[in-house]
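This report concerns only the one structure given below.
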Amino acid sequence: MADTLSITDNRTGKVYEVPIKDDTIRATDLRKIKVTDDDFGLMTYDPAFMNTAACRSAITFIDGDKGILEYRGYPIEQLAEHSTYLETAYLLLYGELPTQSELDTWTFHITHHTILHENIKNLMDGFRYNAHPMGMLISTVAALSTFYPDAKEIGNPEARRKQIYRLIAKVITIAGFGYRHITGMPFAYPDNDLSYAGNFLNMMFKMTEVRYKPNPALEHALDVLFILHADHEQNCSTSAMRSIGSSHVDPYSALAGAAAALYGPLHGGANEEVIKMLTEIGSIQNIPAFIKRVQDGEVKLMGFGHRVYKNYDPRAKIIKRVADEVFEVTGKNPLLKIALELERIALSDDYFVKRKLYPNVDFYSGLIYQAMKFPMDMFPVLFAIGRTSGWLAQWQEMLLDTDQKISRPRQIYSGAARRDYVNLAERP
Ligand code: ACO
């Protein structure tokens with residue numbers, strides 16, 4: 001059996017052989033299918049990239065039908081149980097779990113790059129008192145490129161490594177400063193003796209105490225949430241990271257673009273929308289009426305559905321367990337009851353069953369964040385912190401992939417045919 005696809009072009013009667021590798025044909029192989037010699041050749045039309053692989057990647061594996069998620073081959077369940085976010089970030093970036101000394105060096109460098117230049121702090125001070133922290137994060141990450149001119153050296157592995165340290169480290173400081181800005185609190189500086197998640201909690205919530213001591217259960221829960229959000233193969237924001245990075249711009253500019261993509265309510269903004277939705281539903285009695293509105297196409301059930309998962313999102317399962325740990329410390333989020341009942345009803349409802357709509361990672365994450373006293377505006381920022389390592393791993397993989405060039409999709413032109421300019425006075 002040959003690994004090829006035979007295509008008959010019924011416009012010309014010609015037959016073409018196209019190689020199949022990894023259950024995929026190369027779109028450029030279709031270009032030889034032409035009606036005339038000066039024809040451009042056949043293209044594929046795939047809005048929203050529903051069936052187009054844009055890269056080879058060895059980072060994250062998802063089987064959406066079976067609900068499987070693995071980073072570098074390691075199941076997400078095992079990483080959530082045994083690893084830490086910084087170890088997982090190392091794994092994503094370098095392909096293997098670190099040795100003790102590799103992990104120590106990695107942790108040391110991340111920890112020692114958390115400080116922001118004071119001018120960045122001043123820049124953040126300039127935001128309006130009610131600026132959305134995700135808007136602040138996007139702009140401030142972009143501004144970092146002006147502080148580190150060596151970031152342009154994307155072909156230099158050492159320069160890349162330095163920007164990776166800086167970005168993973170500084171994203172928590174920017175997030176913390178953003179929160180302090182909107183709450184009118186003085187900025188809290190990083191504490192190098194704390195873990196990554198603990199340090200972030202310190203920069204968020206430190207009050208007048210000399211030394212902030214994070215609650216170990218909350219610190220651990222947050223670390224697990226960062227692991228769960230660290231990568232998810234070629235999603236909207238990661239595609240943005242790769243696409244922007246393919247122009248060989250510095251990683252700060254590319255990551256600001258990726259974060260902007262994440263901000264949208266159909267992507268990382270969904271966790272915020274879930275809380276708004278649960279609050280609007282208000283009580284269990286109102287759920288059937290809400291489900292009816294979803295069925296009538298009036299509203300979406302936020303936190304449900306996924307482009308790839310047509311089964312329970314494995315991250316949502318882990319998050320439910322984390323939620324229990326957090327609620328033991330904080331007390332139950334009163335919206336949990338509504339969420340659980342909504343999930344129960346939705347999973348047995350024909351509309352959702354037929355469309356294979358299951359809870360995704362965002363359905364429960366917002367409830368945990370809210371119980372931990374993060375304001376809703378911070379939810380997409382929390383997602384961006386975890387995803388920073390994944391974006392950087394995908395960016396570096398793209399740069400080292402000799403198959404890659406600048407991203408440049410094709411189009412089918414559907415506008416007016418050539419016509420001559422009409423002077424203003426002569427227009428009808
Ligand atoms: N509520 C109600 N109906 C839904 C939902 C939902 N949450 N999601 C999908 N559907 C319906 C669609 O209306 C469509 O129905 P139809 O066939 O009758 O037209 C069908 O299910 C298929 O949905 P698509 O929109 O084609 O699925 P797509 O893969 O394009 O969208 C998406 C995926 C954007 C995640 C979608 O499910 C959605 O909007 N969910 C709510 C937002 C959300 O939770 N986003 C977070 C995603 S996970 C993440 O980024 C971390």
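As the structure lists them, so they are numbered: ligands from 1, and atoms in each ligand from 1. Heavy atoms only: backbone and side chains are in, while hydrogens, waters and symmetry mates are out.
Nearest to atom 48 (S) of ligand 1 among the protein's heavy atoms is His306 CD2, 3.6 Å. In terms of protein heavy atoms, atom 45 (N) of ligand 1 is closest to Leu266 O, 3.2 Å. Among protein heavy atoms, the minimum distance from atom 35 (C) of ligand 1 is reached at Gly305 O, 3.7 Å. If you check which protein heavy atom lies closest to atom 38 (C) of ligand 1, you get Lys300 NZ, 3.6 Å. At the top of the distance list for atom 40 (N) of ligand 1, counting protein heavy atoms only, stands Phe304 O, 2.9 Å. Nearest non-hydrogen protein atom to atom 17 (O) of ligand 1 is Arg355 NE, 3.9 Å. Of the protein's heavy atoms, Ala270 CB, 3.6 Å lies nearest to atom 43 (C) of ligand 1.
Taking 4.0 Å as the cut-off between side-chain N and carboxylate O, Lys206 and Asp191 do not count as a salt-bridged pair. Checked for salt-bridge contact, Glu77 and Arg315 miss the test: no charged N lies under 4.0 Å from a carboxylate O.
Taking the ring axis of Phe352 as reference, the NZ or CZ atom of Arg355 does not stay both within 45° of it and closer than 6.0 Å to the ring centre.
To the nearest 0.5 angstrom, Lys32 atom NZ is 8.5 Å from Leu30 atom CG. Here the straight-line distance linking atom CG of Asn360 with atom CZ of Arg307 works out to 13.0 Å at 0.5 Å rounding.
Around atom 12 (C) of ligand 1, the closest heavy atom drawn from Phe352, Tyr351, Tyr358, Phe383 belongs to Tyr351. Around atom 42 (C) of ligand 1, the closest heavy atom drawn from Glu273, His232, Gln295, Met302 belongs to Met302. Distances from atom 5 (C) of ligand 1 to the heavy atoms of Val294, Val274, Asn271, Leu357 put Leu357 nearest.
A donor-acceptor contact shorter than 3.5 Å links the side chain of Tyr71 to the backbone of Ile227. Under the 3.5 Å distance criterion, the side-chain polar atoms of Asp150 are left unmatched by any main-chain donor or acceptor of Ala159. Without hydrogens or angle criteria, Tyr85 side chain to Gly386 main chain gives a donor-acceptor distance under 3.5 Å.
For Tyr252 and Lys170, the side-chain atoms include no donor-acceptor pair closer than 3.5 Å.
Proximity of atom 25 (O) of ligand 1 to the protein is not indicated, since no non-hydrogen protein atom lies closer than 4.0 angstrom. Note that atom 15 (O) of ligand 1 has protein non-hydrogen atoms nearby, at separations under 4.0 angstrom.
Close contacts of ligand 1 with Arg307, meaning ligand atoms under 4.0 Å from a residue heavy atom, involve 28 (P), 29 (O), 30 (O), 33 (C). Ligand 1 places these atoms under 4.0 Å from at least one heavy atom of Leu301: 1 (N), 2 (C), 6 (C), 7 (N).
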